[in-house]
Protein chains: 2
Amino acid sequence: MIKLAIDAMGGDFAPKINILGTVKALLKEPDLYVCLYGDQFKINNILHQHFSNKLISSFKKKRMTIIHTDLCLNMDITNLREVLSTQPQHSMFLALEAVRKGEVDGVVSAGPTQALIFASYFIIKTLPYIKRIALAPLVPSLDGRRTRILLDAGANIETQPEQLLNYAICASIMAKELLCISHPKIKLFNIGIESTKGRILEKKTYHLLQQDKRILFQGNEEPQNLLSTDADILLNDGFVLNMIIKSYEGAIESTMQAFKNVLTSNFFLKIISKLFYVKKLKAMKKKMDHKEIGGAMLLGLSKIVVKAHGNSNEYAFYKAILQAKKLVQQNLIQKISQQF
Amino acid sequence: MIKLAIDAMGGDFAPKINILGTVKALLKEPDLYVCLYGDQFKINNILHQHFSNKLISSFKKKRMTIIHTDLCLNMDITNLREVLSTQPQHSMFLALEAVRKGEVDGVVSAGPTQALIFASYFIIKTLPYIKRIALAPLVPSLDGRRTRILLDAGANIETQPEQLLNYAICASIMAKELLCISHPKIKLFNIGIESTKGRILEKKTYHLLQQDKRILFQGNEEPQNLLSTDADILLNDGFVLNMIIKSYEGAIESTMQAFKNVLTSNFFLKIISKLFYVKKLKAMKKKMDHKEIGGAMLLGLSKIVVKAHGNSNEYAFYKAILQAKKLVQQNLIQKISQQF
């Protein structure tokens, strides 16, 4: 049995989608056990609204525990350090505390990213040699056939070359265990493909990556190739990756909007597009949507913590749970530790 | 008469589009005089292929000089310093030398960006107080109604806050003179809108921009809003802006390709889309295309130098010439100098 702590209260549509996603995961994975941290009245309400008494009681008997707490983190949380020390009974903190104590094997939360990183750092601690946590989300290719790991996607605003090397090693094992890629290709995001391009950070990191036998480094990649690259892992610091991800979000959104305007620019064209294109365009949008991909791993921790997107739907939350379970099953942390 | 030096040999489609764009500008602007630097045989050939003898001889009599040179820079130029000192007769260098000597009022080149920045720095020199050149291209809004100045778009990989402030002041005057915006709004590209967000660079720059009375600073802007922001000037260092621009190029290209696949996914749909959408989609693509916007200004120099995009077509090169002419006419350099 794999035991996961689920932050039932984190995310834009919590607790509803968290509960629905969790039950979906329980139905899919017979060897999954969940500890739900959150408001027990709300959690039970949602369970009873959507599922039969029989199913609920069978889960509660063998594969589900609800740990009640009144407190959950808001997206606009500030002063994290104070909140963490004075109110440790927030649902996210309790879930992290459970994995630290070994009561569960991993954590899934859709709560505020910076809070999850910060609290994980203080409650769980990082692995020796890896001093800071990296956020490693999965990104689809345009044809949907490949999945890439991006990191660090926003945890560390300023990073050292040695850290990026450590992240590359961790992500390489993650790609092996999660995506079943035997020799994951790593590339460094940069403004040009030559080894002499970029800031001091990129030049030094290039050199370190190239020399390391534990990974398969394949040089620089320019950000315009994010969706078409043959790399399995794409690397840079948290500031730069955040800018790239947000640029893609903005550009795709803007282009889609412009297309929509063209396709529906008058009543007649509206009908034409409805008749012939709407379904296909929706499928395309879904393909470009992060929700299809699941959660982001918090790499560098001594335990498995997966961050589901704040606006996850039921399916995305479910995928994040499956991801956490798989990473536990594959002994990711142990395999990472062996590399250092 | 405004006199511009034109690098006839720089760019992917040189010298043809350079000559065609130049003639278009001469026809539009009766008070424009051009000095074309490049291979006189090729230049004359193109002139005679496309225009009447009468027009050519009337231009050559009063408004056009061809200065012959065999040498032009390739895109894959390395070792710039050596090339500049041993072979100063490259068309780009001769054009820059002409503006330095005061023989012309400004320069337009579609040659390699880094070469143009480097050579401008050594031949023309920067203004006092502004130690390094920033590249400032114009970017359209999605609806095509607004134009923004981005900087620094790749000239300085690593920048200081004081430099970004200086660039903001220069760009503010450029927006006034070129885009006729009386109080240009400046925003700083960052990972969040709060003043505490970002690297040390963003935090310090935010503080400097906020305190300066010469500019209208309106806080941070996240990169997903590049095409919809109300800012007239968007600022960050050369590395980050390069990553944002390339991300937008890649995302727009990928999304367009995905749409094209949807619209033409079978023979029937191909006909439907041809009948009803192709024209509109072409217009939309044009709107999102940098070619419509013209050239990038090299800000910080003591002379006007405009960089046309390497793959400029005739129209883009023509627009870059008009831009250089307008900046000369408006006394941009003098107005910038007065601010320091």
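Side chains are part of it too, since the values below use all heavy atoms of this structure and drop only hydrogens, waters and symmetry mates. Naming convention: chains lettered A, B, ... in sequence-line order (proteins, then strands); numbering from 1 in each chain.
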More than 12 heavy atoms of other residues, nucleotides or ligands under 6.0 Å from CD of B:Glu253: yes or no?
no

Is A:Ile200 close to chain B through its backbone or its side chain, or both, or neither, when contacts mean heavy atoms under 4.5 Å?
both

Relative to chain B, which segment of A:Ile191 carries a heavy atom at a distance below 4.5 Å: side chain, backbone, both, or neither?
both

Is A:Asn236 close to chain B through its backbone or its side chain, or both, or neither, when contacts mean heavy atoms under 4.5 Å?
side chain

For the NZ atom on A:Lys203, are there more than 12 heavy atoms of other groups (residues, nucleotides or ligands in this structure) within a distance under 6.0 Å?
yes

Where do A:Met243 and B:Met243 land on the side chain to side chain contact (heavy atoms under 4.5 Å, CB included) test, with the steps shown first?
CA-CA 8 Å; A:Met243 296 305 253; B:Met243 295 306 251; 5.7 Å; no

Quick one: what part of B:Val262 sits under 4.5 Å from any heavy atom of chain A, side chain, backbone, both or neither?
both

Hey, could you give me the CD/OG distance between B:Glu249 and A:Ser247, rounded to the nearest 0.5 Å?
11.5 Å

Can you confirm whether more than 12 heavy atoms, excluding those of A:Ile193, are under 6.0 Å from its CD1 atom?
no

So how far is it from A:Met256 CE to B:Ile252 CD1, rounded to the nearest 0.5 Å?
12.5 Å

Once you round to the nearest 0.5 Å, how far does CG of B:Asn156 lie from CZ of A:Arg199?
14.0 Å

Determine, stepwise, if the pair B:Leu263 / A:Leu263 fulfils side chain to side chain contact (heavy atoms under 4.5 Å, CB included).
CA-CA 10 Å; B:Leu263 289 181; A:Leu263 289 181; 4.3 Å; yes

N-O pairing of A:Lys246 and B:Glu222 below 4.0 Å
yes

Which of the residues A:Tyr248, A:Phe239, A:Phe189 is involved in the greatest number of heavy-atom pairs with chain B at under 4.5 angstrom?
A:Phe239

A:Glu202, part contacting chain B, at a heavy-atom distance under 4.5 Å:
side chain

If one checks every heavy atom of B:Ile157 against chain A at 4.5 Å, the contacting part turns out to be both

Take atom CD in B:Gln218; do more than 12 heavy atoms of anything else shown fall under 6.0 Å from it?
yes

Step through the shown structure and confirm whether more than 12 heavy atoms of other residues, nucleotides or ligands are within 6.0 Å of NZ on A:Lys260.
no

Name the member of A:Asn225, A:Ile244, A:Leu226, A:Asn261 that forms the most heavy-atom pairs with chain B at distances under 4.5 Å.
A:Ile244

